[in-house]
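This report concerns only the one structure given below.
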Amino acid sequence: IMGLTGSILRKSEMLSFKETKTITIEILESLKYMVDIMEEYVIEGDYCTISVNKDDIGFVMYIYGEVSEADEYNFSYIDSGITRAIDIENISECEEMILRFLKEYFKYFPNDYFDDALDWYYTKKDIDEAFKNGDFHEWCYKPPRGEK
C-alpha cells in the first residue's frame, strides 16, 4: 500500500519555491480543485501548506523552497542531487486527484520524480502510462514499470 505520503523530488539547483507554488496552484485550480493556503513562510526559508479538496475528499501539500541536506542521502537511490519540492499527505481516496495533478505537473517539470512511502518512484513516463491506461485508482499501489 502506498501509505499516507508521497514526495515530488527535483534537482536541487532547479528548486524554485515561487515557481513551484505558482504552477502548483494554477494546475490545482485548472482541475477545479478547491485550494486553501493554510500557512506560508517566505522569510525564513520558503515553505507553504496547501489544503486541496474536491467533492469532500482531499489531501494536504507542503511546498518547499529550501534544499534539504538529508534528502541528498535519502533519495540517492533515485538520482544524485535531488531534494523535495512538494510533499503530499493523506493520499488514500485521492489517488485519481493526485494522478491528474501529476499528469499536468510533469508537463512543467518533466525531469522530476514522484516518490512514495514504498520507495517506489514514478517518472513522467510512468504517470503518462498510468493515465493512458485509465488506472486512476490503483496506479500508486503497483510498482512503476521501471522498478525491478
Side-chain angles (χ1 to χ4, degrees), residues 1-128 130-131 135-144:
I1 293 179
M2 184 171 193
L4 298 174
T5 64
S7 298
I8 295 175
L9 308 171
R10 181 175 307 145
K11 286 283 191 183
S12 298
E13 65 270 13
M14 303 299 290
L15 193 64
S16 165
F17 172 73
K18 190 172 182 179
E19 178 185 39
T20 304
K21 178 185 158 208
T22 300
I23 290 171
T24 296
I25 291 171
E26 284 175 11
I27 292 169
L28 294 168
E29 290 177 343
S30 75
L31 292 168
K32 307 286 189 257
Y33 297 170
M34 298 286 296
V35 177
D36 180 29
I37 297 175
M38 295 161 55
E39 60 183 336
E40 184 168 18
Y41 304 102
V42 182
I43 297 168
E44 286 186 34
D46 299 324
Y47 173 83
C48 180
T49 304
I50 299 175
S51 173
V52 182
N53 291 282
K54 183 174 185 168
D55 301 329
D56 294 327
I57 61 168
F59 54 92
V60 177
M61 299 178 99
Y62 304 94
I63 300 175
Y64 304 105
E66 292 234 322
V67 173
S68 167
E69 297 299 323
D71 286 349
E72 176 77 30
Y73 172 76
N74 292 339
F75 300 112
S76 60
Y77 69 96
I78 299 174
D79 199 351
S80 62
I82 56 176
T83 192
R84 293 168 206 260
I86 300 174
D87 276 336
I88 301 174
E89 272 188 10
N90 304 330
I91 288 174
S92 299
E93 299 182 28
C94 300
E95 298 91 347
E96 181 174 353
M97 289 176 69
I98 292 168
L99 181 65
R100 291 183 182 282
F101 168 76
L102 290 172
K103 171 90 167 113
E104 297 304 313
Y105 175 89
F106 278 124
K107 291 177 183 175
Y108 293 93
F109 302 107
N111 299 313
D112 284 9
Y113 303 92
F114 179 73
D115 178 70
D116 70 21
L118 292 175
D119 290 337
W120 288 341
Y121 63 90
Y122 301 79
T123 63
K124 178 183 188 309
K125 183 178 177 185
D126 297 319
I127 296 300
D128 288 346
F131 199 87
D135 192 7
F136 294 108
H137 299 285
E138 297 299 317
W139 69 273
C140 54
Y141 303 109
K142 303 173 189 170

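In this chain, residues are counted from 1 in sequence order.
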As a quick check of understanding, evaluate side chain to side chain contact (heavy atoms under 4.5 Å, CB included) for Tyr62 and Thr5, giving each step before the final call. CA-CA 11 Å; Tyr62 304 94; Thr5 64; over 6 Å; no

Could you check whether any side-chain heavy atom of Met61 comes within less than 4.5 Å of a side-chain heavy atom of Leu28, counting everything from C-beta outward? yes

Can you measure from CZ (Phe59) to CD1 (Ile91) and round to the nearest 0.5 angstrom? 8.5 Å

Between Trp139 and Glu95, is there a donor-acceptor pair closer than 3.5 Å when you use the side chain of the first and the backbone of the second? yes

When every non-hydrogen atom of Cys94 is compared with those of Gly58, the smallest separation belongs to SG-O, 3.0 Å

Any chance you could lay out the salt bridge (Lys or Arg N to Asp or Glu O under 4.0 Å) test for Glu104 and Arg100, step after step, and finish with the verdict? CA-CA 7 Å; Glu104 297 304 313; Arg100 291 183 182 282; over 6 Å; no

Mind checking whether Tyr47 and Tyr64 have parallel, tilted or perpendicular rings, split at 30° and 60°? tilted

Derivation of the side chain to side chain contact (heavy atoms under 4.5 Å, CB included) call for Ile50 and Met38: CA-CA 6 Å; Ile50 299 175; Met38 295 161 55; over 6 Å; no

Rounded at 0.5 Å granularity, tell me how far CD in Glu66 sits from CG in Leu15. 9.0 Å

Run the side chain to side chain contact (heavy atoms under 4.5 Å, CB included) test on Arg10 and Thr20 for me, step by step, so that the C-alpha distance in whole Å, both residues' side-chain angles and the decisive distance to 0.1 Å come before the verdict. CA-CA 11 Å; Arg10 181 175 307 145; Thr20 304; 2.7 Å; yes

Return yes if some donor-acceptor pair links the side-chain N/O of Ser68 with the main-chain N/O of Thr83 below 3.5 Å, else return no. no

Under 3.5 Å, is there a donor-acceptor pair linking the side chains of Asp36 and Ser51? no

Calculate, to the nearest 0.5 Å, the distance between atoms SG and CG belonging to Cys140 and Leu102 respectively. 9.5 Å

Does any pair with a residue in residues 11-25 pass salt bridge (Lys or Arg N to Asp or Glu O under 4.0 Å), and if so which ones, sequence neighbours excluded? Lys11-Asp79, Lys21-Glu40

If you round to the nearest 0.5 Å, how far is CZ of Phe75 from CZ of Arg84? 4.0 Å

Can you tell which of Asp116, Asp112, Asp87, Asp115 makes a side-chain hydrogen bond (donor to acceptor under 3.5 Å, both in side chains) with Ser7? Asp87

Would you say Glu39 has more than 12 foreign heavy atoms packed within less than 6.0 Å of its CD? yes

Do Pro144 and Thr123 touch side chain to side chain, with heavy atoms closer than 4.5 Å? no

Please report the shortest heavy-atom distance between Ile127 and Lys103, naming the atom on each side. CG2-N, 3.7 Å

Rounding to 0.5 Å, atoms OH (Tyr105) and CD1 (Ile98) come to a distance of 14.0 Å

Non-hydrogen atoms of Tyr108 and Glu26 that approach each other most closely: OH-OE1, 4.5 Å

If you define the side chain from C-beta out and look only at heavy atoms, does anything of Phe101 sit under 4.5 Å from Leu31? yes

Given 3.5 Å as the limit, does a donor-acceptor pair link the side chain of Ser12 with the main chain of Gly81, or not? yes

Between Phe114 and Tyr121 (judged by ring centroids, cut-off 6.0 Å), do the two rings come close enough to count as a pair? no

Considering all heavy atoms of both residues, which atom of Asn53 and which atom of Met97 are nearest to each other, and what is their separation? C-CE, 4.1 Å

Ile82 and Asp71, any side-chain heavy atoms less than 4.5 Å apart: no

With rounding to the nearest 0.5 Å, note down the distance linking CD1 in Ile27 to OG1 in Thr22. 11.0 Å

If I compare all heavy atoms of Phe17 with all of Gly65, which pair ends up nearest, and what's the gap? CB-CA, 3.6 Å

